[in-house]
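For reference, the structure is listed below as structure tokens.
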Number of protein chains: 2
Amino acid sequence: MHNMPQPHDHQHCIDDAMARARELCLRRQVKFTRIREQVLACVWANHQPVGAYTILEEIAKESDRRPAPPTVYRALDFLLDNGLVHRIASLNAFVGCKDPSHHHQGHFLICRQCRNVIELDADIINSAISTAATQYGFVVETPCVEVVGCCAGCRELSDNE
Amino acid sequence: MHNMPQPHDHQHCIDDAMARARELCLRRQVKFTRIREQVLACVWANHQPVGAYTILEEIAKESDRRPAPPTVYRALDFLLDNGLVHRIASLNAFVGCKDPSHHHQGHFLICRQCRNVIELDADIINSAISTAATQYGFVVETPCVEVVGCCAGCRELSDNE
DNA sequence: AATAAAATGTTATAATATTGCATTAGCGTG
DNA sequence: CACGCTAATGCAATATTATAACATTTTATT
Ligand SMILES: [Zn+2]
Ligand SMILES: [Zn+2]
Ligand SMILES: [Zn+2]
Ligand SMILES: [Zn+2]
């Protein structure tokens, strides 16, 4: 298995994410219900974007009851609203957000090969977009940047062939 | 009606686009068939992204025969392959490309209000993305930049309220 | 004309997402 | 505790976007 962005203790990613989510929901006085927790756990199973219906299947497997699509989508909406996950428009899929405490859109590097996603929020990209947009009198509200390419790990593997 | 990016002679946009397409297909020795022409004309009806099924409806209206979805999607695939249209992933919709002669991905400014799309291909954005990606050892292949915001025209209108 | 390749037609279905309404769970008030 | 309110979930149906599989037609080549 080499589907991690860089080798790392992913259980730590999961634990962190779930802890942050619990804390954040407490602080905001919103409810981190069972289904929301399950969906978030699914999304954090790895660093690859996961589709709504895959989440549905996963939950069906692990809990012997199959939630209907609206249930999953509502949980996803909640998580999106609270910045706990991001939606990757070009993939119709969702990834966990590594920093849900402050609202941001994020930029995503998607490896074509291992499908892992690296989330950034690079000022340099936001500035460049604003600068270019300004030349057209356009005011940026929500930039969506989803970059397909090849990650460090996968290029290393290719090189060693 | 104020759904044009800036006031302009849009018939000129259409005529230009269709002429470019014809010429380009001739040069590349690929066929600019009736259905492909109809679909491209639909896409160029205005500067707003248009969905595949909307295109289908439009063609059904104007020609009394309703193409099936695969017909429209195949025409769109052809147009995409030849750079004559772009797909806006975040909207599941398509816009005409203003410069199909050289291959490029393009950046899109989408007005939240009038839905018009401005296409750019700004070096400054591509550079910023590459720079940011490089810091993660990530090599960019296909950047996808779709920015929602507010265009000059719509802000003017808002200001005058 | 015979053949092959490309394009289109046709039917069915997959994959993603939402609407509308019923039911349940949680919570504060009296 | 009963009541009423709201948020959350369950559930059935359906909308929207996209593709698969195979038949037929058109076009180009020999
Ligand atoms: Zn991890
Ligand atoms: Zn990779
Ligand atoms: Zn125009
Ligand atoms: Zn506008």
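Every chain is numbered from 1, with letters handed out A, B, ... down the list of sequences. The structure presented is a predicted model; accordingly, all values stated were derived computationally and were not measured.
One interatomic measurement links the two molecules: CD1 of Ile55(A) to P of dA17(C), which rounds to 10 Å at whole-angstrom precision. Rounded to whole Å, atom C1' of dA25(C) lies 15 Å from atom CD1 of Ile35(A). Atom CD of Gln29(A) and atom P of dG26(C) are 17 Å apart (whole Å). One atom, CD1 of Ile59(A), and another, C1' of dG10(D), lie 14 Å apart when rounded to the nearest Å. Taking atom CG of Leu80(A) as the reference point, atom P of dA17(C) lies 11 Å away to the nearest angstrom. We find that CD of Glu37(A) is positioned 12 Å from P of dT9(D), with the value rounded to whole Å. What separates CG of Asn82(B) from P of dA6(C) is a distance of 14 Å, to the nearest Å. Look at CG on Leu76(B): it is 15 Å from C1' on dT8(C), rounded to the nearest Å.
For the pair Arg22(B) and Phe32(B), the cation does not sit on the ring face, since its NZ or CZ is not both under 6.0 Å from the ring centre and inside 45° of the axis.
The distance from atom CG of Asn126(B) to atom CD of Gln105(B), rounded to the nearest 0.5 Å, is 9.0 Å.
The aromatic rings of His8(A) and His10(A) sit perpendicular, their planes meeting at an angle over 60°, well past the 30° parallel limit. Using cut-offs of 30° and 60° on the angle between ring planes, the pair His47(A) and Trp44(A) is perpendicular.
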With 3.5 Å as the limit, what N/O pairs link the protein to nucleotides 25-30 of chain D?
none

Using a cut-off of under 3.5 Å, enumerate the N/O to N/O pairs linking the protein to nucleotides 11-20 of chain D.
{"unit_1": "dA18(D)", "atom_1": "OP1", "unit_2": "Arg87(B)", "atom_2": "NE", "d": "3.4"}
{"unit_1": "dA18(D)", "atom_1": "OP1", "unit_2": "Arg87(B)", "atom_2": "NH2", "d": "2.0"}
{"unit_1": "dA18(D)", "atom_1": "OP2", "unit_2": "Tyr73(B)", "atom_2": "OH", "d": "2.9"}
{"unit_1": "dA18(D)", "atom_1": "O5'", "unit_2": "Tyr73(B)", "atom_2": "OH", "d": "3.3"}
{"unit_1": "dA18(D)", "atom_1": "N7", "unit_2": "Tyr53(B)", "atom_2": "OH", "d": "2.6"}
{"unit_1": "dA18(D)", "atom_1": "N6", "unit_2": "Tyr53(B)", "atom_2": "OH", "d": "3.2"}

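Under a 4.0 Å N-O distance rule, the pair Lys61(B)/Glu58(B) qualifies as a salt bridge.
Heavy-atom contacts from other residues, nucleotides or ligands closer than 6.0 Å to CG of Asp64(B) number 12 or fewer.
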message: side chain to side chain contact (heavy atoms under 4.5 Å, CB included), that's the test. Do Phe108(A) and His86(A) meet it? Break it down for me.
response: CA-CA 10 Å; Phe108(A) 303 95; His86(A) 292 289; 3.4 Å; yes

- prompt: Could you walk me through whether Glu146(A) and Leu109(A) pass the side chain to side chain contact (heavy atoms under 4.5 Å, CB included) check?
  reply: CA-CA 6 Å; Glu146(A) 301 174 359; Leu109(A) 307 179; over 6 Å; no

task: Quick one: do Asn46(B) and Arg115(B) satisfy side-chain hydrogen bond (donor to acceptor under 3.5 Å, both in side chains)? Show the steps, please.
output: CA-CA 10 Å; Asn46(B) 53 50; Arg115(B) 316 287 302 166; over 6 Å; no

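Looking at heavy-atom distances under 4.0 Å, Arg36(B) makes contact with sugar-phosphate atoms alone, never a base. Contact annotation for Arg65(B): backbone-only contact, meaning every heavy-atom pair under 4.0 Å involves sugar-phosphate atoms and none involves a base.
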